[in-house]
Amino acid sequence: SSVFLSNCTIWVEGITDRIYLRKYIDLFQRDSDIQFKEDIHYTFVEYGGNNITHWSFLNSEDSDHPNIQVERLCGKSFLIADNDGINQNPNSKKARRNLELQQRLKDRYYGLNSREIENTLALPIIKSVLIDYAGSNASNLNFKRAFDEKNLKTQPLGKFIESSVEGLYKKFAAESGTLKDKLNFAKKAVGKLKRIEDLSQEAILLTEKIYNFIKENNFN
């Protein structure tokens, strides 16, 4: 039955993480001698943000109700976690949790430097997506000086867009500041990614780590 199982798993917070990373991996390995295939060499698992506390990546909070044993399900796993502003609040519950994950998983853990996976998009890609959304009103868009790498990295993407672009015809930020329509934005954005040069530095760094993890668990 092992021929029907992927050799390793990539754990991500949600569907948009999977959409972006699938595209990043595709672009990264196009010029590689080895082409890995999803659901054969690796598989994505969506753990749903705070639901990570249900899995044995972290210690059980209640010994009478232990966490699900990841190793019993898939022993070779790589986990990616959003930043969500923990640099500004290093004593938060999420910051402590991410530190525990890093200590436990070591090279099999990657905590984003950017706030969320959407924030790993390069500025020209975000700009192109916003122009597409605007359509015939694109000439009304004004990308202010605040439309820069520093703000993109640290702010929720919806808030970043609305605070750094004038002339938007629709609302992009949810109440939390994150993107209001993450899924459709993701689909538009990956459609703009044609080559490795379209990726940001963090996107390339993260994808290289994932690729090497997949390689290690398929040839060792």
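All values reported here derive from a predicted model rather than from experimental measurement. Side-chain atoms are counted along with the backbone in the values below, which use heavy atoms only and exclude waters and symmetry mates.
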Verdict with reasoning, R115 to F160, per side chain to side chain contact (heavy atoms under 4.5 Å, CB included): CA-CA 11 Å; R115 190 165 183 114; F160 166 74; over 6 Å; no

Requested in this report: For the pair K180 and K170, evaluate side chain to side chain contact (heavy atoms under 4.5 Å, CB included) and give the outcome as yes or no after the intermediate values.
Outcome: CA-CA 10 Å; K180 193 173 183 180; K170 62 172 287 184; over 6 Å; no

Please list, one pair per line, the donor and acceptor atoms closer than 3.5 Å that link side chains of residues 133-144 to other protein atoms, with sequence neighbours excluded.
{"residue": "N142", "atom": "ND2", "partner": "E166", "partner atom": "OE1", "Å": "2.8"}
{"residue": "K144", "atom": "NZ", "partner": "S163", "partner atom": "O", "Å": "3.1"}

Please check: side-chain N/O of N83 versus main-chain N/O of L112, any donor-acceptor pairing under 3.5 Å? yes

Other residues, nucleotides, ligands: >12 heavy atoms within 6.0 Å of K37 NZ: no

Rounding to 0.5 Å, atoms CG (L123) and CD (E149) come to a distance of 4.5 Å

For E118 and L179 the tightest heavy-atom approach is CG-CD1, 3.9 Å

To the nearest 0.5 Å, atom CG of L199 lies from atom CD of E208 at 12.0 Å

Requested in this report: Check the surroundings of atom CG in D107: do more than 12 heavy atoms from other residues, nucleotides or ligands lie under 6.0 Å from it?
Outcome: no

Quiz item: Would K215 count as a cation-pi partner of Y211, with NZ or CZ less than 6.0 Å from the six-membered ring centre and within 45° of the ring normal?
Solution: no

Exercise. Could you check if a side-chain atom of N218 sits within less than 4.5 angstrom of a side-chain atom of F36, using non-hydrogen atoms only?
Key: yes

One should read off an interatomic distance between K187 NZ and L183 CG, to the nearest 0.5 angstrom, of 4.0 Å

R145 meets the side chain to side chain donor-acceptor pair (under 3.5 Å) criterion, sequence neighbours left out, with none

field: Validation row: Y42, I25 side chains within 4.5 angstrom (heavy atoms)
entry: yes

Keeping N212 on the side-chain end and K209 on the backbone end, is there a donor-acceptor pair under 3.5 Å? no

dist T207:OG1 -> I214:CD1 (nearest 0.5 Å) comes out at 9.5 Å

| Is it true that a side-chain atom of E162 and a backbone atom of F172 form a donor plus acceptor pair closer than 3.5 Å? | yes

Between the CD1 atom in I10 and the CZ atom in R18, the distance rounded to the nearest 0.5 Å is 13.0 Å

Nearest heavy-atom contact between P156 and G177 is CB-O, 3.1 Å

Do any N or O atoms from the side chain of S32 and from the backbone of F28 form a donor-acceptor pair under 3.5 angstrom? no

*Backbone N/O of Q29 and side chain of Q35: donor-acceptor pair under 3.5 Å*: yes

How about S128 and K192: does a side-chain donor come under 3.5 Å of a side-chain acceptor?
-> yes

Q) Can we say D26 and R22 salt-bridge, meaning some charged N sits less than 4.0 Å from an Asp/Glu carboxylate O? A) no

Taken in chain and number order and not counting sequence neighbours, the residues that satisfy ring-ring contact (aromatic ring centres under 6.0 Å, His included) with Y24 are none

Using a 3.5 Å distance criterion without hydrogens, assess whether the side chain of S200 forms a donor-acceptor pair with backbone atoms of T120. yes

What one should report as the nearest heavy-atom pair of T16 and A186 is CG2-CB, 4.1 Å

One should read off an interatomic distance between W11 CH2 and F44 CZ, to the nearest 0.5 angstrom, of 13.5 Å

- Considering residues, nucleotides and ligands other than Q201, do more than 12 of their heavy atoms fall under 6.0 Å from its CD? no

Q.
Tell me whether R108 contacts the main-chain N or O of S77 through its side chain, where contact means a donor paired with an acceptor under 3.5 Å.
A. yes

Note: L130 and F185 closest approach over all heavy atoms is CD2-CE1, 4.3 Å

Of all heavy-atom pairs linking K182 and T178, the shortest is CE-OG1, 2.9 Å

Exercise for review: Run the numbers on Y20 and L121 for side chain to side chain contact (heavy atoms under 4.5 Å, CB included), then give the verdict.
Suggested key: CA-CA 9 Å; Y20 287 116; L121 288 169; 3.7 Å; yes

Note: N217 and C8 closest approach over all heavy atoms is CB-CB, 3.9 Å

- Would you say K127 has more than 12 foreign heavy atoms packed within less than 6.0 Å of its NZ? no

Worksheet item: Hey, are the side chains of I117 and I19 touching, using non-hydrogen atoms and a 4.5 Å cut-off?
Response: no

- Yes or no on side chain to side chain contact (heavy atoms under 4.5 Å, CB included) for I126 and L157, after CA distance, side-chain angles and deciding distance? CA-CA 10 Å; I126 297 173; L157 189 55; 3.9 Å; yes

ask   = Is the shortest distance from a Lys or Arg side-chain nitrogen in E202 or K153 to a carboxylate oxygen in the other one below 4.0 Å?
value = no

- Are the side chains of R30 and I196 in touch, meaning some heavy atoms are under 4.5 Å apart? no

Where the side chain of E13 meets the backbone of D82, is there a donor-acceptor pair that is under 3.5 Å apart?
-> yes

**Item:** Test item: I34 and F219 side chains (from C-beta on) under 4.5 Å apart, heavy atoms
**Value:** yes

